[in-house]
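Take a look at the structure set out below.
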Amino acid sequence: AIGLILIFGLGTPAWSWGDEDEPMMLWDGSWVCSTPEAYDQAIDLERTTDMGFRALKEDLLDRKLCIYIDGGDIADIMAPFVIVVEEQASKVKIKFMIEFYKKIEFLHRRITRWTFTGWTEKDRLRDYYDWLNNS
């Protein structure tokens, strides 16, 4: 009886794993914004502004509208990686935790962990295992 409980108790989560529960990552170069409208604004500004890209990223971050996630940031996203919280048309609200490292002196560093929740385009998500195998 104990063996059956262990098999069914521990095996059930594996059987109930659906496609939507698979771990996801962001594509390199993704905007994560406070609202779907802020995401659209960031994409529009990226195409039309005379501002340099670095200045655009800093401006949107200073106004607390968007953060730009690039390859270095993606490598620092922690498990359970990107979690889809809500969907709205072609946008998804995601949640993820990321670590930032700052070297203070030789062999010493400060680690800061931030949890971000924001909106991005559904197409900006990719399968974690695809990212892992191709990075």
Side-chain angles (χ1 to χ4, degrees):
I2 293 174
L4 288 174
I5 291 172
L6 286 175
I7 289 171
F8 287 112
L10 297 176
T12 302
W15 292 331
S16 63
W17 186 270
D19 289 338
E20 66 277 355
D21 295 330
E22 293 179 12
M24 302 298 289
M25 286 299 268
L26 288 165
W27 282 96
D28 184 13
S30 297
W31 289 104
V32 178
C33 300
S34 58
T35 64
E37 295 78 22
Y39 180 85
D40 291 335
Q41 181 183 6
I43 296 299
D44 187 48
L45 284 172
E46 189 176 11
R47 291 183 196 136
T48 61
T49 190
D50 293 335
M51 213 183 300
F53 190 68
R54 176 175 278 174
L56 174 64
K57 289 191 318 186
E58 290 175 6
D59 177 54
L60 292 172
L61 186 59
D62 288 343
R63 293 191 290 154
K64 297 182 176 157
L65 290 177
C66 299
I67 184 169
Y68 188 78
I69 305 294
D70 61 11
D73 297 328
I74 290 174
D76 294 331
I77 292 178
M78 301 173 63
F81 313 109
V82 176
I83 299 168
V84 175
V85 177
E86 182 181 338
E87 289 188 38
Q88 197 177 81
S90 66
K91 310 275 187 309
V92 288
K93 185 175 188 180
I94 58 172
K95 180 178 179 181
F96 60 95
M97 185 183 299
I98 190 168
E99 281 188 336
F100 295 102
Y101 304 93
K102 180 178 181 184
K103 191 170 184 175
I104 299 171
E105 48 185 81
F106 187 70
L107 295 179
H108 296 284
R109 65 182 119 159
R110 178 178 296 144
I111 299 172
T112 307
R113 291 183 180 99
W114 288 88
T115 300
F116 287 97
T117 303
W119 292 87
T120 192
E121 192 72 35
K122 197 181 298 187
D123 295 341
R124 299 306 304 163
L125 295 178
R126 68 190 287 192
D127 180 66
Y128 168 75
Y129 299 110
D130 177 49
W131 169 80
L132 186 63
N133 292 330
N134 293 316
S135 62

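Hydrogens, waters and symmetry mates play no part in the numbers below; they use all other heavy atoms, side chains included. Note that the structure is predicted; figures quoted are calculated from it, not measured.
Note that CG of Asp127 and CE of Met24 are 6.5 Å apart. Values are rounded to the nearest 0.5 Å. Rounded to the nearest 0.5 Å, atoms OH (Tyr68) and CG (Leu60) are 12.0 Å apart. Atoms CG and CZ, on Asp76 and Arg113 in that order, are 11.0 Å from each other to the nearest 0.5 Å. If you take CG on Asn133 and OH on Tyr128, they are separated by 9.0 Å, rounding to the nearest 0.5 Å. We find the CG-OG distance between Asp70 and Ser30 to be 10.0 Å, quoted to the nearest 0.5 Å. Atom-to-atom distance recorded for Thr35:OG1 and Gln88:CD is 9.5 Å, nearest 0.5 angstrom.
Looking at heavy atoms from C-beta onward, Val92 lies out of side-chain contact with Glu86 at the 4.5 angstrom threshold. Side-chain contact between Trp119 and Val32: absent, with no pair of heavy atoms (C-beta onward) separated by less than 4.5 Å. Residues Leu65 and Ser34 are in side-chain contact: their nearest non-hydrogen atoms beyond the backbone lie under 4.5 Å apart. The shortest distance between side-chain heavy atoms of Met25 and Ile77 falls below 4.5 Å.
Under the 4.5 Å side-chain heavy-atom criterion for ILVMFWY residues, no single connected hydrophobic cluster contains both Met97 and Val82. Hydrophobic clustering of Ile, Leu, Val, Met, Phe, Trp and Tyr side chains at less than 4.5 Å, counting indirect connections, keeps Val84 apart from Tyr39.
Residue pairs meeting the salt bridge (charged side-chain N to carboxylate O under 4.0 Å, His left out) criterion with at least one member in residues 56-69, sequence neighbours excluded, are Asp59-Arg63.
Nearest heavy-atom pair, Phe116 versus Ile67, reported as atom, atom and distance to 0.1 Å: CZ-CD1, 3.5 Å. Nearest heavy atoms, Arg124 versus Asp28: NH2-O, 3.1 Å. Closest approach of Cys66 and Ala38 over heavy atoms only: SG-O, 3.7 Å. Nearest approach of Val85 to Ile94, heavy atoms of both residues: CG2-C, 4.3 Å.
Residues passing the side chain to side chain donor-acceptor pair (under 3.5 Å) test with Ser90, sequence neighbours excluded: Glu121.
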Handout entry: Worked check of side chain to side chain contact (heavy atoms under 4.5 Å, CB included) between Ile98 and Met78
Key = CA-CA 6 Å; Ile98 190 168; Met78 301 173 63; over 6 Å; no

Problem - Chi angles and distances behind the side chain to side chain contact (heavy atoms under 4.5 Å, CB included) call for Phe96, Ile69 - result: CA-CA 11 Å; Phe96 60 95; Ile69 305 294; 4.1 Å; yes

Please set out all donor-acceptor pairs under 3.5 angstrom arising from side-chain atoms of residues 40-49, sequence neighbours excluded.
from, atom 1, to, atom 2, distance (Å)
Asp40, OD1, Lys91, NZ, 3.0
Glu46, OE1, Trp31, NE1, 3.1
Thr48, OG1, Asp44, O, 2.8
Thr49, OG1, Met51, N, 3.2

